[in-house]
S.K.: 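My questions will all concern the structure given below.
Please read all numbers here as calculations on a predicted model, not as lab measurements.
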Amino acid sequence: MSITLPLHTPSKLSQSELVELDKQLLWHPYTSMSNPIAHYLVKGAKGMQIELANGQKLIDGTASWWSVIHGYNHPHISQAMKNQIDDFSHVMFGGLTHQPAIELGQKLIKLSPAGLERVFFSDSGSVSVEVALKMAIQYWHTQGKPNKQKFATPRSGYHGDTFAAMSVCDPVNGMHGLFNQALASQFFVSPPPAGINKAIDQAYLAEVRELFTQSSGEIAGFILEPVVQNAGGMRFYNPAYLTELKALCDEFDILFILDEIATGFGRTGKMFACNHANVTPDIMCVGKALTGGNCSLAATLTSDKVALGISDNDGVFMHGPTFMGNPLACSAANASLELLMNYELESMIGEIQSNLETALAPCRKLNSVVDVRCLGAIGVVELKEAVEQKVIQPLLVEEGVWVRPFGKLVYLMPPFIAQKTDLDKLGLAIFNVLTKLSN
Ligand SMILES: *Cc1c(COP(=O)(O)O)cnc(C)c1O
């Protein structure tokens, strides 16, 4: 028997009642429940704009944590999702399969560097990192090297909030202090020296070689964010390090794992950041922009060597999330990648980079600013001192923009549809707010 309910109707609660309830009930990222802050209530989002319930329209400079690359509510993606809902939103991936997942696998293999041949879907970036680490451990297990269960990684990295992912985040800025008894201990090296055009520092490579020489018997993989270390500090480094680090990994029997969750799908000006160096990793994680920021989906890609190595000996790979390969998410990702493949990606992102450079140039003159740097669709203003989010956030909203600074970093990672006028407004808003704060 089926029952018919009236359609869900919008709440009769006032805006302020909703915000109060939110404070009472809901945890937001990295927030306190005893000292909750009011969050901005959103009514809608379209293109470059987020509309608040009070009617204010904000130009978005964050692409909602770098994921909404085509802008909000893109008709091509929304329609693909609606069509998929009419077919089926979900079936389990154990024992069943479907066209949206198969086609997405095909697209990912086509777009990613040659040599990546197999795809494991999961629900979030952090889990795709967990999967990558498990793949590496299982691979060495089958190669008769069961002691290789640890990981090496540069400091200043960010790989997610789950336990194994946390263990390879920056040990100081990350959450190691709090969870130190619970986290696996890993091997840290310095981050690749900053500066996208800075010549390779042999001393840096010697440091990595030294670690590998000492400990490669325990190290299953070396994991890093290619070219840009994102949430760990918005640091850019010379892509040529990837070539050198991959060679070192090969020499010492260590899998080279690239976390492209933030950098993948065009953000740095190439489809993947590792394309800047023509390097193929053994394992690659993608997430964030995979669905064009419409819903959560991530994937871990690997080579035949790793995939078949695991399968020939261990038989199966030991992971299987409930919502693996969710058809609705896959349909969003297929539609997003179709758009991406139709863009003149390099010239599109090149134009954003030059517009970002112009828009943020005035910030260079401010005393509170130590550096302004841009790469692809990433623009960073680094400050001398950290600013408090609760102080700077309302000032940015007053200026009509959605920008979410952290620590010493005020940055833009806008949707790729950002026009020069949008970026000029975002740059001016940041300039105005930083000027206000230094007075
Ligand atoms: C955001 C991010 C993650 C974690 O992804 P979630 O979807 O938040 O779990 C991992 N690595 C990098 C580089 C990221 O930027």
S.K.: Search all heavy atoms of F416 against all heavy atoms of M348 and return the closest pair with its distance.
M.R.: O-CE, 3.3 Å
S.K.: Please name the residue in the list I257, L255, L245, D282 that meets the side chain to side chain contact (heavy atoms under 4.5 Å, CB included) test with F222.
M.R.: L245
S.K.: After noting the C-alpha distance and the side-chain angles of K246 and D250, does the key distance pass the salt bridge (Lys or Arg N to Asp or Glu O under 4.0 Å) rule?
M.R.: CA-CA 6 Å; K246 170 75 165 79; D250 288 346; 3.0 Å; yes
S.K.: Between F256 and L224, is a side chain to side chain contact (heavy atoms under 4.5 Å, CB included) present by the stated rule, with each step listed?
M.R.: CA-CA 8 Å; F256 188 63; L224 77 166; 3.7 Å; yes
S.K.: Are K436 and F431 packed together at the side-chain level, in the sense that at least one heavy-atom pair is separated by less than 4.5 angstrom?
M.R.: no
S.K.: Looking at M33, I'd like to know if its CE atom is crowded, meaning that more than 12 non-hydrogen atoms belonging to other residues, nucleotides or ligands lie closer than 6.0 Å.
M.R.: yes
S.K.: Does a donor on one side chain and an acceptor on the other come within less than 3.5 Å for E260 and T263?
M.R.: yes
S.K.: If you count the non-hydrogen atoms of other residues, nucleotides and ligands that lie under 6.0 Å from CG in N197, is the total more than 12?
M.R.: no
S.K.: Has D60 got a side-chain atom pairing as donor or acceptor with M48's backbone, closer than 3.5 angstrom?
M.R.: no
S.K.: Set out, in order, the CA-CA distance, both residues' side-chain angles and the distance that settles side chain to side chain contact (heavy atoms under 4.5 Å, CB included) for E244 and Y204, then state yes or no.
M.R.: CA-CA 10 Å; E244 303 286 343; Y204 177 67; over 6 Å; no
S.K.: I'd like to know whether CD of E351 has more than 12 heavy-atom contacts from other residues, nucleotides or ligands below 6.0 angstrom.
M.R.: no
S.K.: Which atom names give the shortest non-hydrogen contact between S331 and Q84, and what distance separates them?
M.R.: OG-CB, 3.4 Å
S.K.: Closest approach of P226 and Y237, non-hydrogen atoms and distance?
M.R.: CA-OH, 3.3 Å
S.K.: Please find out if less than 6.0 Å separates the ring center of F406 from that of Y411.
M.R.: yes
S.K.: Listing request: all salt bridge (charged side-chain N to carboxylate O under 4.0 Å, His left out) pairs with a residue in residues 265-278, at least two apart in sequence or in separate chains.
M.R.: K270-E346
S.K.: So Q138 and M318, side chain to side chain contact (heavy atoms under 4.5 Å, CB included) or not? Walk me through it.
M.R.: CA-CA 9 Å; Q138 266 198 268; M318 298 302 285; 3.8 Å; yes
S.K.: Could you check whether any side-chain heavy atom of H39 comes within less than 4.5 Å of a side-chain heavy atom of V19, counting everything from C-beta outward?
M.R.: no
S.K.: State whether the number of non-hydrogen atoms from other residues, nucleotides or ligands found under 6.0 Å of N367 atom CG is greater than 12.
M.R.: no
S.K.: Determine, step by step, whether Y241 and D201 satisfy the side chain to side chain contact (heavy atoms under 4.5 Å, CB included) criterion, reporting the C-alpha distance in whole Å, the side-chain angles of both residues, the deciding distance to 0.1 Å, and the verdict.
M.R.: CA-CA 9 Å; Y241 280 109; D201 178 359; 3.4 Å; yes
S.K.: Do K408 and E382 sit within salt-bridge range, that is, some charged N less than 4.0 Å from a carboxylate O?
M.R.: no
S.K.: Closest approach of G292 and S336, non-hydrogen atoms and distance?
M.R.: N-OG, 3.3 Å
S.K.: Is a donor from one side chain sitting under 3.5 angstrom from an acceptor on the other, for H28 and D22?
M.R.: yes
S.K.: Which pair of non-hydrogen atoms, one from A377 and one from I349, has the smallest distance, and what is that distance?
M.R.: N-CG2, 3.5 Å
S.K.: Would you mind reporting whether R155 and P171 have side-chain heavy atoms less than 4.5 Å apart?
M.R.: yes
S.K.: Establish, from distance only, whether the side-chain atoms of S78 and N73 form a donor-acceptor pair under 3.5 Å.
M.R.: yes
S.K.: Do other residues, nucleotides or ligands put more than 12 heavy atoms under 6.0 Å from the NZ atom of K198?
M.R.: no
S.K.: Assess the residue pair Y343 and H70 against the criterion (ring pair (Phe, Tyr, Trp, His ring centres under 6.0 Å)); give the C-alpha distance rounded to whole Å, side-chain angles, the decisive distance to 0.1 Å, and a yes or no.
M.R.: CA-CA 11 Å; Y343 293 157; H70 312 288; 5.4 Å; yes
S.K.: Is it the case that N83 and Q79 place a side-chain donor and acceptor less than 3.5 Å from each other?
M.R.: yes
S.K.: Between Q353 and E357, is there a side-chain donor-acceptor contact under 3.5 Å, judged purely by atom types and distance?
M.R.: yes
S.K.: To check you understand the geometry: which heavy-atom pair defines the closest contact between Q229 and P154, and what is its length?
M.R.: NE2-CB, 3.9 Å
S.K.: Verify, without hydrogens or angle tests, whether Q389 (side chain) and P405 (backbone) share a donor-acceptor contact under 3.5 angstrom.
M.R.: yes
S.K.: When you compare the side chains of Q186 and T153, does any donor N or O come within less than 3.5 Å of an acceptor on the partner?
M.R.: no
S.K.: Would you check if V380 and D371 make a side-chain contact, meaning some heavy-atom pair closer than 4.5 Å?
M.R.: no
S.K.: Do you know which of K107, Q106, Q99 makes side chain to side chain donor-acceptor pair (under 3.5 Å) with E103?
M.R.: Q99
